[in-house]
Structures are given as C-alpha cells and as structure tokens.
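All residue numbers refer to positions in the sequence shown, counting from 1. Here the structure is a predicted model, which is why all the values come from computation and not from measurement.
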Amino acid sequence: MIARMLDSITIPPLNQNPPKPHSHTPNTLSLLDKPVSSSTYASILESCNNPGLGKQVHAHTLKTGFFGQEFVDTKLLQMYGKLGCLGDADLLFDKMTLRNLYSWTAMLSLYVDNGLLEEAFCLFEKLQFEDVLLDFFVFPVVLKICGGLGNLEIGRQLHGILVKYQFVSNIYVGNALIDMYGKCGSLGDAKKVFETMPEKDRVSWNAVLTACAVNGKVFEALCFFETMSLCENTRPNLVSWTAVIGGFSQNGYDEEAIEMLFRMVREGIEPNAQTLASVLPACARLQKLNLGKEFHGYITRHRLMSNPIVVNGLIDVYRRCGDMRSAFQLFSKFSLKNVVSYNTMIVGYCENGNVSEAKELFDQMRIMGIKKDIISWNTLISGYVNNSLLDEALNLFKHVLTEDGVEPDSFTLGSVLTACTDMASLRLGKEIHTQAIVRGLQSNTFVGGALVEMYCKCQDLKAAQIAFNEVSERDTATWNALISGYSRCNQIEDIQHLLRKMKEDGFEPNVYTWNGIIAGHVENDLHDKAMQLFSEMQTSNMRPDIYTIGIILPACSRSATIERGKQVHAYSIRCGYDGDVYIGAALVDMYAKCGSIQHALLAYKRILDPNLVSHNAMLTAYAMHGHGEDGIALFRRIIANGCRPDHVTFLSALCSCVHVGSVKMARELFDLIQYYDVKPTIKHYTCMIDLLSRVGQLTEAYELIKRVPVEVDSVMWGALLSGCVLHGNVELGEVAAERLMALETNNTANYVLLANLYAYAGKWSDLARTRQKIKDTGMHKIPGCSWIEDRDDVHVFLAYDKSHKRTEEIYATLDKLTLHMKTTAL
C-alpha cells in the first residue's frame, strides 16, 4: 500500500464547471404531496439527521425515477457520509453509474472520518484514472489522508501538483498543506507555506500553531499565539487556546499547561471537552488532587460527563493521586465500558497496591464481553511483579501464551523477566529467554536489558554478556544493566574495562551507571570503596541523586561510621533530599546503628510526610537503644493516626516491651496482631518468650514455646535459658540447654550459659563437669569486637588482640586506666 503511494501522482484536466442541479418532470412526493425536483431532494437530504428517514428518501428516489441522476445520487452519498453510514454509502457508490467529483470527495471524506486512511488513498488513486475533472476542494481531503498516514513524500508530490495548477494560493488548500506538513513532522515546510500564503485567516494561524505544538516546539507555538493576539481579525479562539494547552501538556510542561488554562478562563473563554482532555493528564502527572476535584466540578456543571475521553482523564487524575474510591465511582457511573477504561482502572489498582481489585476487574472484562488486549495482560502482570506477587505473575503469563488473538510483546517478556530476576530463578529466566528467541524479541532493547539483569542476578555473567551482545540497538540503560551486574557479582576489576567499552560505543556513563557500581560495592561489603566512589562523584561533574544517597547510607550503617554518615546527611540536606520519606528512614537507621538516638530522632522529625517505613525505622531505633517507653508511645501515636501497622511495626513494639518489662502491653500487642490480620513470625514469638523469661514467668514462657506454630530455633531456647540463669531455675534451664545444644553442638556461648546457671545455683560438680567438657572439646569463646573512629580512620579491636601498630601505647594506657579505677575504688 505505502509503496503504491510513493508512485508519481498524475492529474487529469481541471474541472472549471461543476455540475448543476436540473429540473425533472414534476411529480409528487407522497410524504409531502408536493411536486419535486433535484433541488427538493437536495434540500430534504441536506437537512436530514436520521438514517431511517434518509433511507426512506432514498427509496422514494427509486420510485420517482430520480435515482441514477448524478446530482441526487451525490446528495444521497453526502447524506450517508454525514450520518456515518459507511456501509450504505459504499453500496450506493458502487451502484452509481455517474460519479462526479463531489461524490468522490464525499466518499474520500467518509473513509477519512472512519479512520480508513489507506482505503481512502486507494480510492484517490482510482479517481485519477476516472474521466473526472479535479478541483481544489478535493485536495484538502487528500492532504488530510497524507497527514494521517504520516507520508511526507506523497504530501510533497501533492504540493508540487498544487503549485503547478495554482491551487496553492487557495486559503483552504494552504491551511490543509500546513496541517499535513505539521502531522508529517516537517515543521519547516509548514512554516514556509504559512509565510508564503497571500491570505491568512484564523484557521491558518491555528494550523501553524498546532504544527509547532505537535512537533515539540511549544514555545514557538506560544509566539504565534501571542502574535495572533495583536490582530483583531485573528484573535485566538477556543481552538488556539486548546492547541497551546495541549502542546504544553503533551510535551511535559505540566505547570505551564495549567497556567495557560487559568489564563484562558481569565480572558472569558470557557474550555470545552477537548481542552479539558488536554489538561487533565498534566493535572494527573502533577498529582494535584484538589485541582482535579475542581475540574470534576466544572465538568459536572457543564454536563461533559458524557464525553468518554474526559471521564477517562478524570479517572486517571484520581488513580495517580491514589484516590481509587473516587476513580471507581466515576468508572462505575459515567465511564464508557471499553478496554481503555478497564485498563486505566486496572493500572490504578495495581499502582496503589490493590491487586485483588485489579484482578476482579480483569476477570469482569470477559463477563462484560470486552476482549482483553495485550495492554490488559501486561498491566496485571506488571502489577503482580511490582507488588511482589511473582508466582501469580508467572501463572498469568502462562495464560497469555494460550489466549487467542493475544501475542506477548516486549513489555510482557520484560515484566516476567523482572519476576525471574526477583526470584533469582535461572531456570525460569532461561524459559522466558527461549520465548523471546521464538518471537525474535531477544534483540529488543527492553527485553535484552531485562535478560542481562536476570542473568547477572543469577550470577551467570557469561550468559549476561551473550544476551547483551545480542541486543541490536544498545542504549545507556543496557550498558548500565551489564556494568551494575558485574559490580554486584563482585567482578570489580572488570568495571573500568566495561566503562571504556561503553564510551567507545558512544555512550557516556551517567548517574545511574555510578549508582549501579556503588550498589555493587555496598552489597559486597566494600564499604570504604563505596564511600570513596561517592566522594569521587561529588568532585566530578556527576551529581549524586536521591538514589545514590539511598544506596550509600546503608554502607555507613553497616560500618557504623557516624562521621561519614553525617557527611552524606549534610549532602542530602543541601540537595533537599532529607525530607524524603525513604531517605529519612535510611538516615534514622544509620544514626541508630551508629549509636546516636538523638540524631536519629532529629532525622525522623525532618521527614515531610512520614509513612509506615519511616515510623518503623524510628520504632526499631528506640528498641535498639533500649528506649522502651518512647517506642511504646510512638506505637500508640502510629495507631491513633490511622496508620496500619505491619509485622515490622509489631516486632519493634514488642522489643520495646521487652526493654521496659511490660508483659501487659506485649499481650495487647499480640491481640492487635490478630486484629490487623498480621501473621506472627518466629521473631514475634521469640520477643514474647524473651520478655516472659526476663520477668521470671519461665513456666509460661516454656508453655508458649511448646504451643508456637513455627519450628523453634536456637534463639528462642537461648532466651529461655538466659531467663533461667537470671532467676536460678536449674530444672527448666537444663531442659532449655539440652535442646539448645542439640541445635548448636559447638556453640561455646551455650555451654558458658549453662555453666553460669550451675554457678548461680551452687551446683559445683555440674559446673566443673560443664567446664571440663568445654576444655575437652577445644571450644573457645568468640572474642568481642569493638571499633572507634578517629578522623578518617576506623580502628578495630578484638579481645587479647595485639595486631594494632600502636599496641604498646594502647595497652600502656589500658594499664593506667585499670590502676586508676582500682585506686579510685579504694
């Protein structure tokens, strides 16, 4: 089809005298009981707005002998076209023995209006071989076909013909040329036509303004708009405003689009459905819920709820703002139930974590007789993956493979590969790789990048390199996936080589490249090197972003280096990142692990919109530092504010109860766990057993161990044994020690605990026997470890360690301190 369109276009001689209506022997029309003529039929057909009535008139022409007359047939054709009766128009056109340019133009317009652009161009090709003289009015329709198909070459050929036959000076033709060039992406040609037009009207200005907007030159469009405003005859109308607002919105200038709408309203021009459909996506992306509600009110007052595009735009605003209740109400009451509206709702539920509701709507599509497209399947699969429902995602993918009329695409495979990556399942990943090869998608950039990530996660760098090499059009993201994979697999020595290859391939490393490399160092416990890379980023032209901060803070936490953590914190404050809920939570965690609960609390208070993640971080910090009362108070505030706790929240709160010895509060927490439908884990039970053991309720602790619905581990028995030592319960302590030693045969700490129990109880023979066993088996207690920061150095010490380069000074100082303490005690 497209190849035929590129053939040269020929044009017959021009028509200077279009056909006129002619009289016919007077007859009577039974409906009106009046004499009729061609003009009578023309008048009736032009005013007809009902297909049934139009067909009655058509039948009447057959009875009266007017059917077959060129003028009447053309009017019938135009009537069917106006009413959208494509089938009737096609049938009539095929039966017409005499076709004039008006009938051909009517059919061309009808095909265009129904989106049948290639069929329309085929019809135009046939027209050229008919003995029909062409006139200027057919060319705007043909140019619209070229614009819709985006065929610039044919458009330029038509332009040449128009110049040759001097139609180009016609204002309607000029406007159509501007529109065609704009839609074909040739803005320069559109502006040239505009500049050379001898006469311009408001449509001409709107055409060039729209051409600029759709080609991304939205500020050029604004310049044309402002110029229009200077002339009374071409002052911007609703079309002009809508074009500029749509241009800003489509090109990501969301604030500007909304400001332009406000300006439009201030100047007394009311937006219509198309204007609102243009600006609602900007409102959605900015997540301006209150503004979206204002739009909702305006749309309701102006009775625009019948427009499906506007309704879908409103639904999109609510779903992006997380208000799925309002989105569903709109969907239920006003939305046209089609695949687009269902897909929008499914996306919203998935993004807001309501995957079960998304699945319900997905299943409802079949009941409603709406055929799911690949976007429907991709949306739910992606929703499952993003909500860590990986098995469900893979099961749904299996259904896609058996669904008639649906073919998995690059996004389908990319999503299921992400699931395989998260599961670290090499076997499943290879199966998806096979599906990609069968469909020829292994060379796709998106699929190839996902394959690289999957193989890297599964520690198969050789396969990752092969998948990378198969990508036909590699981009920066593909390179980043490979480099990050090497870093995470601890192949640090290959990173510099890969960076050089990346540059040779024409791609410069960006902040995501650095983030991937730093993340690999952190995951492989190379914290010092990670901090060094972070410092290098700051001194280079590459500015660390919010994700860099999120990656580097755990390095500070794990190495307990508070000074470095403070440096990262200072950088995050300068960049305005410290108010982010996830960065704030990471800062709280870092300060808590570095020993400063005061700094952790300050970081927590700076979080702008704290959520459960940040609350849990602070609760954990309180528990870690033994601030039980503060932890319990924070837990009560979390519940009072309506935040739904999870298993981490309850675990931290239980730890706080352990520190204050509050059995009553711990029991309340276990009741709340059931209320909030949180399944207790072994850690929750261990906390409860630890608390009961510490306060001396050892029998109850032992009974709880016997009732827990999980496999009891060494930590749980160790908590009971410690309580027995503390309260001198030898009988129960021996039971706990026996179970503990069966689980951890060679753990010296367990034997030491048992020995302490015998010592507290005065059972010297048992104590001697336990110590002898420790000696006979050659067990040694793991030495304690501590470290301190001194400027940029971290000094690590073990018990009885003499490896430090300043060992003599350290022990001499220790001796002085020991002597001082003894002297002070005396």
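- At a threshold of 4.5 Å between non-hydrogen side-chain atoms, the residues D201 and N175 count as touching.
- Interatomic distance, N343 CG to D373 CG, rounded to the nearest 0.5 Å: 5.0 Å.
- Each of V218, V279, D254, L261 was checked for a side-chain contact (heavy atoms from CB on, under 4.5 Å) with F248, and the lone residue meeting it is V218.
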Test log, rule ring pair (Phe, Tyr, Trp, His ring centres under 6.0 Å), inputs F224 and F219: CA-CA 9 Å; F224 279 109; F219 289 101; over 10 Å; no
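- Considering CD1 of I269 and CG of L238, their distance stands at 7.0 Å, rounded to 0.5 Å.
- Among residues at least two apart or in separate chains, side-chain hydrogen bond (donor to acceptor under 3.5 Å, both in side chains) pairs with a member in residues 255-276 are E226-R263, T242-T275, E259-R266, N272-T275.
- Within the 4.5 Å cutoff, side-chain heavy atoms of L276 are placed close to those of F295.
- The environment of CZ in F328 is sparse: at most 12 heavy-atom neighbours from other residues, nucleotides or ligands sit within 6.0 Å.
- In this structure, K200 and T234 have side chains that are not in contact, with every pair of non-hydrogen atoms separated by 4.5 Å or more.
- Within the 4.5 Å cutoff, no side-chain heavy atoms of N170 are placed close to those of F139.
- A donor-acceptor pair is defined here as one N or O able to donate and one able to accept, closer than 3.5 Å; no such pair exists between the side chain of E351 and the backbone of R320.
- The shortest heavy-atom contact between I258 and K288 is CD1-CD, 4.2 Å.
- Using a 4.5 Å cut-off on side-chain heavy atoms (C-beta onward), L361 and Q364 make contact.
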Working note: M260 + Y253, criterion side-chain contact (heavy atoms from CB on, under 4.5 Å); need CA distance, chi angles, decisive distance, verdict. CA-CA 11 Å; M260 199 72 185; Y253 296 100; over 6 Å; no
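- Applying the 6.0 Å contact sphere to NZ of K371 captures more than 12 heavy atoms from other residues, nucleotides or ligands.
- Counting non-hydrogen atoms of neighbouring residues, nucleotides and ligands closer than 6.0 angstrom, the CD atom of E407 exceeds 12 such neighbours.
- Heavy-atom neighbours of F446 CZ from other residues, nucleotides or ligands within 6.0 Å: above the threshold of 12.
- In this structure, the side chain of S249 engages the main chain of S278 through a donor-acceptor pair within 3.5 Å.
- With hydrogens and angles ignored, the 3.5 Å screen pairs a side-chain donor or acceptor of N338 with a backbone N or O of V340.
- Taken to the nearest 0.5 Å, the CD1 atom of I299 stands 11.5 Å off from the CD atom of E294.
- Scanning both residues, P271 and V265, for their nearest heavy atoms gives CD-CG2, 4.1 Å.
- Between the side chain of N251 and the backbone N or O of K217, no donor-acceptor pair lies under 3.5 Å.
- Checked by atom type, the side-chain pair D409/N444 shows no donor-acceptor distance below 3.5 Å.
- With hydrogens and angles disregarded, no donor-acceptor distance shorter than 3.5 Å links the side chain of R202 to the backbone of P236.
- Here the side chain of S332 pairs no donor or acceptor atom with the backbone of Q329 at under 3.5 angstrom.
- Annotation: ring-ring contact (aromatic ring centres under 6.0 Å, His included) contacts of Y342 (sequence neighbours excluded): F331.
- Here the CD1 atom belonging to I315 is positioned 9.5 Å from the NE2 atom belonging to H296, to the nearest 0.5 angstrom.
- Inter-residue side-chain proximity for M197 and L177 is flagged as unmet; no heavy-atom pair is nearer than 4.5 Å.
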Ring pair (Phe, Tyr, Trp, His ring centres under 6.0 Å) evaluation trace for W104 with F124: CA-CA 8 Å; W104 282 93; F124 176 65; 9.4 Å; no
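- Among residues at least two apart or in separate chains, there is no side-chain hydrogen bond (donor to acceptor under 3.5 Å, both in side chains) pair with a member in residues 301-312.
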Show, in sequence, the C-alpha distance, side-chain angles and deciding distance for V311 and M305, and conclude whether the side-chain contact (heavy atoms from CB on, under 4.5 Å) test is met. CA-CA 6 Å; V311 173; M305 280 296 185; 4.0 Å; yes
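- Of all heavy-atom pairs between F137 and T105, the closest is CE1-OG1, 3.5 Å.
- Of all non-hydrogen atoms in Y102 and N100, the two that sit nearest each other are N-OD1, 3.0 Å.
- Formation of a donor-acceptor pair under 3.5 Å by the K337 side chain with backbone atoms of S335 is found in this model.
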Working for salt bridge (charged side-chain N to carboxylate O under 4.0 Å, His left out), residues K191 and E220: CA-CA 11 Å; K191 290 194 286 188; E220 276 192 53; 2.7 Å; yes
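- Among all heavy-atom pairs drawn from S109 and V141, the shortest one is OG-CG2, 3.6 Å.
- Put simply, CZ on R156 and NE2 on H159 are 10.5 Å apart, with the number rounded to the nearest 0.5 Å.
- The salt bridge (Lys or Arg N to Asp or Glu O under 4.0 Å) analysis of residues 168-185, with sequence neighbours excluded, yields the pairs D179-K183.
- Every salt bridge (charged side-chain N to carboxylate O under 4.0 Å, His left out) that D363 has, sequence neighbours left out, goes to K359.
- Residue-environment remark: CD1 (I309) stays at or below the threshold of 12 foreign heavy atoms within 6.0 Å.
- In this structure, CG on L101 lies 11.5 Å from CD on E130, to the nearest 0.5 angstrom.
- You'll find the side chain of S341 stays beyond 4.5 Å of the side chain of L336, heavy atoms only.
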Apply side-chain contact (heavy atoms from CB on, under 4.5 Å) to V203 and I171, showing your working. CA-CA 9 Å; V203 177; I171 192 167; over 6 Å; no
D189 and M180: CA distance, side-chain angles, deciding distance, side-chain contact (heavy atoms from CB on, under 4.5 Å) verdict: CA-CA 10 Å; D189 287 324; M180 180 274 295; over 6 Å; no
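- Residues passing the salt bridge (charged side-chain N to carboxylate O under 4.0 Å, His left out) test with E199, sequence neighbours excluded: none.
- Few gaps surround CZ on F194; more than 12 heavy atoms of other groups in view lie less than 6.0 Å from it.
- Considering all non-hydrogen atoms of both residues, S382 and S415 come closest at CB-OG, 3.9 Å.
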